[in-house]
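Notes follow the structure.
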Amino acid sequence: MQESHNPEGAEDLRRFRVFSNWMDTRFKVPGTRWTFGIDPLLGLVPGAGDLLGFIIATIPILIVIRNGVSGKVAALLVLNIGLDALIGSIPIIGGIFDFAYKANIRNLRLLEKHYESGKYQGSAISVILPILLLILIVFILLVWGIIWILSTIINWIS
């Protein structure tokens with residue numbers, strides 16, 4: 001596979017591979033082909049774990065955006081981690097989703113295709129920051145809503 005013609009891109013891609021491995025596939029369930037990383041483990045902490053996973057996954061995305069991925073690729077990268085955080089925050093279903101979806105590995109595949117194509121379009125950060133903030137706000141509202149529903153049910157049972 002051809003690496004980036006852009007030195008920062010090649011280094012970004014190398015770092016993103018290491019990051020994605022740790023977040024999504026670093027560990028293997030013995031006797032199976034199932035892999036998992038830190039991201040689904042963070043998701044086991046209700047609300048805060050998925051938020052932390054989202055924030056951690058945002059950091060390398062901001063770096064590759066700064067170094068020249070297109071607006072389309074940047075939007076897809078953000079969509080993957082946003083979907084992972086939003087669905088991952090739903091009790092039970094989200095835990096299963098976190099182990100299966102592997103948003104960081106999906107983002108790695110997108111970046112590999114982007115860097116192989118050799119199309120660098122400059123920074124898309126001014127387009128993506130508002131999208132990241134919107135996803136963060138929606139995520140916080142979702143977690144707040146789940147907490148409110150659970151506390152209402154607990155108060156009703158008590």
Side-chain angles (χ1 to χ4, degrees), residues 12-29 32-115 121-158:
D12 287 346
L13 192 55
R14 185 194 67 74
R15 286 182 181 148
F16 209 96
R17 280 187 186 114
V18 171
F19 171 80
S20 298
N21 177 47
W22 275 98
M23 289 298 284
D24 289 344
T25 60
R26 179 70 174 111
F27 310 107
K28 186 175 181 179
V29 176
T32 71
R33 293 180 5 172
W34 285 31
T35 59
F36 64 97
I38 296 168
D39 185 42
L41 297 177
L42 290 172
L44 296 174
V45 179
D50 288 302
L51 178 60
L52 183 58
F54 174 77
I55 291 168
I56 291 170
T58 300
I59 295 167
I61 289 175
L62 291 174
I63 291 169
V64 297
I65 289 170
R66 183 194 68 214
N67 288 333
V69 298
S70 69
K72 178 184 175 186
V73 171
L76 291 170
L77 296 172
V78 171
L79 181 65
N80 275 333
I81 65 166
L83 187 64
D84 183 47
L86 291 173
I87 295 176
S89 66
I90 300 170
I92 301 170
I93 295 169
I96 296 167
F97 183 81
D98 274 341
F99 276 92
Y101 188 67
K102 300 185 186 321
N104 298 292
I105 292 297
R106 289 173 185 266
N107 283 348
L108 175 61
R109 300 298 172 248
L110 282 170
L111 286 173
E112 287 172 341
K113 286 179 186 176
H114 176 72
Y115 285 135
Q121 299 180 4
S123 176
I125 202 144
S126 62
V127 174
I128 296 306
L129 278 179
I131 295 171
L132 284 171
L133 290 173
L134 179 63
I135 290 172
L136 185 60
I137 290 167
V138 169
F139 179 77
I140 290 169
L141 290 173
L142 178 66
V143 169
W144 176 81
I146 290 170
I147 291 169
W148 180 81
I149 289 169
L150 290 175
S151 67
T152 302
I153 291 170
I154 291 170
N155 287 337
W156 181 71
I157 293 172
S158 301

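One is the number of the first residue; the rest follow in order along the sequence.
Residues Leu108 and Ser20 come closest through the heavy atom pair CB-OG, 3.8 Å. Residue Ala57 comes nearest to Ile81 through the heavy atom pair CB-CG2, 3.6 Å, listed as atom of the first residue, atom of the second, then distance. Looking at every heavy atom in both residues, Asn104 comes nearest to Phe19 through OD1-CE2, 3.3 Å. Scanning both residues, Asp24 and Ile105, for their nearest heavy atoms gives OD2-N, 2.9 Å. Gly53 and Met23 get closest at one heavy-atom pair: O-CE, 4.3 Å.
Annotation: ring-ring contact (aromatic ring centres under 6.0 Å, His included) contacts of Phe97 (sequence neighbours excluded): Tyr101. Applying the salt bridge (charged side-chain N to carboxylate O under 4.0 Å, His left out) rule to Arg15 yields the partners Glu11; only residues at least two apart in sequence or on another chain are considered.
For the atom pair CH2 of Trp148 and CD1 of Ile153, the computed distance is 9.5 Å after rounding to the nearest 0.5 Å. The CD1 atom of Ile140 lies 11.5 Å from the OG atom of Ser89; values are rounded to the nearest 0.5 Å. Atom CD1 in Ile92 sits 11.5 Å away from atom CD1 in Ile90 (nearest 0.5 Å). The CG atom of Asp50 lies 11.0 Å from the CD1 atom of Ile55; values are rounded to the nearest 0.5 Å. Considering CG of Asp39 and OG1 of Thr25, their distance stands at 11.5 Å, rounded to 0.5 Å. Interatomic distance, Asn80 CG to Arg109 CZ, rounded to the nearest 0.5 Å: 12.5 Å.
Using a distance-only test at 3.5 Å, with no hydrogens or angles considered, no donor-acceptor pair links the side chain of Asn21 to the main chain of Arg17.
Taking the side chain as every heavy atom from C-beta outward, Phe16 and Ile61 approach each other to under 4.5 Å.
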- Would Leu110 and Asn107 count as a side chain to side chain contact (heavy atoms under 4.5 Å, CB included) if you check the C-alpha gap in whole Å, the side-chain angles of each, and the deciding distance to 0.1 Å? CA-CA 5 Å; Leu110 282 170; Asn107 283 348; 3.9 Å; yes

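More than 12 heavy atoms of other shown residues, nucleotides or ligands fall within 6.0 angstrom of atom CG in Leu150. Few gaps surround CG on Leu141; more than 12 heavy atoms of other groups in view lie less than 6.0 Å from it.
Applying the salt bridge (charged side-chain N to carboxylate O under 4.0 Å, His left out) rule to pairs touching residues 78-106 yields nothing, sequence neighbours excluded.
Using cut-offs of 30° and 60° for the angle between ring planes, the Phe36 and Phe27 rings count as tilted.
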